[in-house]
Asks: 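Mind having a look at this structure? Questions to follow.
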Amino acid sequence: MTNDEILKTAEALRWEVGGDFHESLVENIYTNAAQLADRAISYPDKPPRFDLDRSIDRLVTSRVWGFPIMLLLLMVVFWLTISGANVPSAMLATLFLEIIYPFLKGLAASVGLPWWLDGLLIDGVYLATGWVISVMLPPMAIFFPLFTLLEDFGYLPRVAFNLDNFFKKAGAHGKQALSMSMGFGCNAAGVVATRIIDSPRERLIAIITNNFAMCNGRWPTQILVASIFIGGLVSAQWAGLISALAVVAITLLGVLLSFVVSWGLSRTVLRGEVSTFSLELPPYRPPRIWQTIYTSLIDRTLVVLWRAIIFAIPAGAAIWLVSNITVGGTSLAEYFINWSNPLGILVGLNGVILLAYVVAIPANEIVIPTILMLTTLVLGASGEGTGVMFELDSLKDTEVILRAGGWTLLTAVNLMLFSLIHNPCSTTIYTIYKETGSKRWTLVSAFLPVVMGFAVTFLVAQVWRLLGG
Amino acid sequence: MKTTIPQAPSSACQTCPAHNVGNLTKLGIDMEEWDYVIALAGNPNTGKSTIFNALTGLRQHTGNWPGKTVTRAEGGFSFADKRYKIVDLPGTYSLLSTSLDEEVARDFILFGQPDVAVIVVDATRLERNLNLALQVLEITNRVVIALNLMDEARRHNIIVDERRLARDLGAPVVPTAARSREGIPELIQAIHQVATGQIVAKLHRLKNESPVLKKAINKLVRQIEAAFPGLPNARWVAIRLLDGDQRIIQAVQRGELGELAN
């Protein structure tokens, strides 16, 4: 009996058993399972208790209250993160930049380190790393546990339930809501999470649009810029709330964009049927608070932070190098900035921001420090030597530097938009390549957002200028 | 001079590890330092990851949403001088369809031939969870059922007769509440007993098949058994072939099934 003969027999028998074989197979499994379960389970004849789970579900997935509750929870989480992270961030910055930095500088001088090595290691690598830790650690240490508590409680599938209808209308899979939620933590993780989507077409849509779920690496940028330029529009007591509102608005815009792009893709290159699926709403479980905080700190916060540090080290060196290698008296950074400035201005940004985004391809986290460093370079207003990445103690100081660099409210708004839309980081791009196995779709996922980022900021800039803003 | 190790006589040794070292290596599992390998299967959101953590002492994050684990997690523990490796498979509702996570789970159980497949079952949603358990039991008889979330079942006033369930399924059933480690020692004991062959469950056969179907399956089973003597799950393979499962057709063509015979 050869293997091919077996397959031939199977082929022939397949006609005999009929086309509904698969259905009857599944049905048979269900019937067996139902019988077994029926024999094993009994309910003592007590009256059913008040069903708390169902009552909560009625509220959080209701047509009227579902979305307001979702927005409110999002607001509270962002607000706690923004207002809670300020103090520890400032403390860490003081430690890294005012205590350790001068100490290292002194140490380097006393052992007679050559100026370029001192600059590369301390002004480049050390400062980049110190900045990333002081800016990222506090918000992550607050945000991740909060988000994880919501997740453990069982709220995320309800979010997916609320959004399912929109995704279906956009021609995408409802489970995309779940991979998108993962993307809010990290786009690379979100891309891996799309494995739960069966259909290759819908999975590709979910992968390409995952970029629009604003990942953790981009919050520091959003939060900082919102605090300075948008929170600054109102009085101090409202600033925290208004900044949080702005970040929520940007986040929602990202969700909206993933609907729009999903819709566009499913009507052009990725046409096809929407598959149905059943989404299980798990029971609400009281989160185990301490364990959740512990695991989310270890599993997520430190892992993400470590990744950021790994990328900050070479980036810090690169920034220092492009700022200090000069050709004909002008640094490489200045060449690029002067060259790209017209394009930057055209889309309501500037050359500094564009260069910062090129440097920050490996990790979005270092955009803001890069921008600050490059701005001072261009202004020539640095006392400590050019190409030094630094943190400014107060938002006010940061604002002074940025305004001196020609920043307006338009620059801030467009930076927030560009940060939301632009290309995914290199880790995510690599993950997309691994998951799709296709160079073509990887390129689409990388370049579609870049093009969209420029288009959106361009339009906003034109309208803004037209209205005389 | 190398001494040749004599081949173990087939099917004689119940206490020997049953796993397929060659295929496990292909699946990316290194068995160098382990005696037995355990697969952890179950529907999404049944506390599989919690059981995984309780068994291994690891603190992987466990989330309360279906589809949390899409990749495999690995860990291990020691019990009674044996070293057990645990592979946490993605949570799936069935092994029939073609999504990536279901394929990962199915391939591991079929080709890896784990010494024990622990099927985590949600006691509050027994009927739906048994669908997967029945499908695993068609592939392997080295099964322990972890009847998890017993605490929630009690909260919802559901009583599960685990002895009757064990008798009906022909496999050991251990009630657990992994969040509070309830039943974990008993689960480890049961895993040990199945791995060492002290408990031998039987393959489950679905009831209520139509005569036409029965005839077709039996015909195919005879041919498969002739081509791959000692294959433990010829019946399941026959059903998959009738269903036109591409991966299994491929396995027959390439003769991969021959490696699964014991």
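Keep in mind that this is a model prediction, so the values were computed, not measured. So that the names make sense, note that chain A is the first sequence line, chain B the second, and so on, each numbered from 1.
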Asks: Heavy-atom count check: over 12 atoms from other residues, nucleotides or ligands less than 6.0 Å from B/Arg247 CZ?
Replies: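 Atom CZ in B/Arg247 is crowded, with more than 12 foreign heavy atoms closer than 6.0 Å.
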
Asks: If we define contacts as heavy-atom pairs under 4.5 Å, which of A/Asp4, A/Asp38, A/Val26, A/Leu7 has the most with chain B?
Replies: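 Heavy-atom pairs under 4.5 Å are most numerous for A/Leu7.
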
Asks: Please report the shortest heavy-atom distance between B/Gln223 and A/Thr9, naming the atom on each side.
Replies: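 The answer is OE1-OG1, 2.7 Å.
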
Asks: With a 4.5 Å limit on heavy-atom distance, are the side chains of A/Leu25 and B/Arg240 in contact?
Replies: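 SC-SC contact between A/Leu25 and B/Arg240 confirmed.
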
Asks: How would you list, by chain and number, every residue that makes a side chain to side chain contact (heavy atoms under 4.5 Å, CB included) with B/Ala234, sequence neighbours excluded?
Replies: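 Counting only residues at least two positions away or on another chain, B/Ala234 forms a side chain to side chain contact (heavy atoms under 4.5 Å, CB included) with B/Val221, B/Ile224, B/Glu225, B/Leu231.
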
Asks: Shortest non-hydrogen contact from B/Leu134 to A/Ile29?
Replies: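 Heavy atoms only, the tightest pair is CD1-O, 3.8 Å.
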
Asks: Would you mind checking which part of B/Arg179 comes under 4.5 Å of any heavy atom in chain A, side chain (CB onward), backbone (N, CA, C, O), both or neither?
Replies: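 Both parts, heavy atoms under 4.5 Å.
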
Asks: Hey, could you give me the CG/NE2 distance between B/Asp245 and A/His22, rounded to the nearest 0.5 Å?
Replies: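 One gets 9.5 Å once the value is rounded to the nearest 0.5 Å.
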
Asks: Are any side-chain N or O atoms of A/Arg39 and backbone N or O atoms of B/Arg164, one a donor and one an acceptor, separated by less than 3.5 Å?
Replies: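 Checked: no pair found.
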
Asks: At their closest point, which heavy atom of A/Phe21 faces which heavy atom of B/Asp243, and how far apart are they?
Replies: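 Closest approach of A/Phe21 to B/Asp243: CE2-N, 3.5 Å.
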
Asks: Side chain, backbone, both or neither: which part of B/Ile239 has an atom under 4.5 Å from a heavy atom of chain A?
Replies: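 Interface part for B/Ile239: both.
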
Asks: Between A/Asn28 and B/Leu213, is there a side-chain heavy-atom distance shorter than 4.5 Å?
Replies: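 No, too far: nothing below the 4.5 Å cut-off.
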
Asks: Hey, could you give me the CD/OG1 distance between B/Glu127 and A/Thr31, rounded to the nearest 0.5 Å?
Replies: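 If we round to the nearest 0.5 Å, B/Glu127:CD and A/Thr31:OG1 are 9.0 Å apart.
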
Asks: Need one label for B/Leu241: side chain, backbone, both or neither, based on atoms under 4.5 Å from any heavy atom in chain A.
Replies: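 Answer is both: backbone and side chain atoms of B/Leu241 are under 4.5 Å from chain A.
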
Asks: Under a 4.5 Å cutoff for heavy-atom pairs, which residue among B/Asn131, B/Asp168, B/Val212 has the most contacts with chain A?
Replies: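 Counting heavy-atom pairs under 4.5 Å, the top option is B/Asn131.
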
Asks: Given a strict heavy-atom distance threshold of 4.5 Å, which part of B/Glu152 is in contact with chain A: side chain, backbone, both, or neither?
Replies: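 For B/Glu152, the side chain is the part near chain A, not the backbone.
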
Asks: If you take all heavy atoms of A/Asn3 and B/Ala227, which pair is closest and at what distance?
Replies: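 So the two residues come closest at OD1-CB, 4.4 Å.
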
Asks: With chain B, which of A/Ala40, A/Pro200, A/Ala34 has the greatest number of heavy-atom pairs at distances under 4.5 Å?
Replies: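 The option with the most such pairs is A/Ala40.
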
Asks: Restricting to non-hydrogen atoms, name the atom on B/Leu165 and the atom on A/Leu36 that form the minimum distance, rounded to 0.1 Å.
Replies: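 So the two residues come closest at CD1-O, 4.4 Å.
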
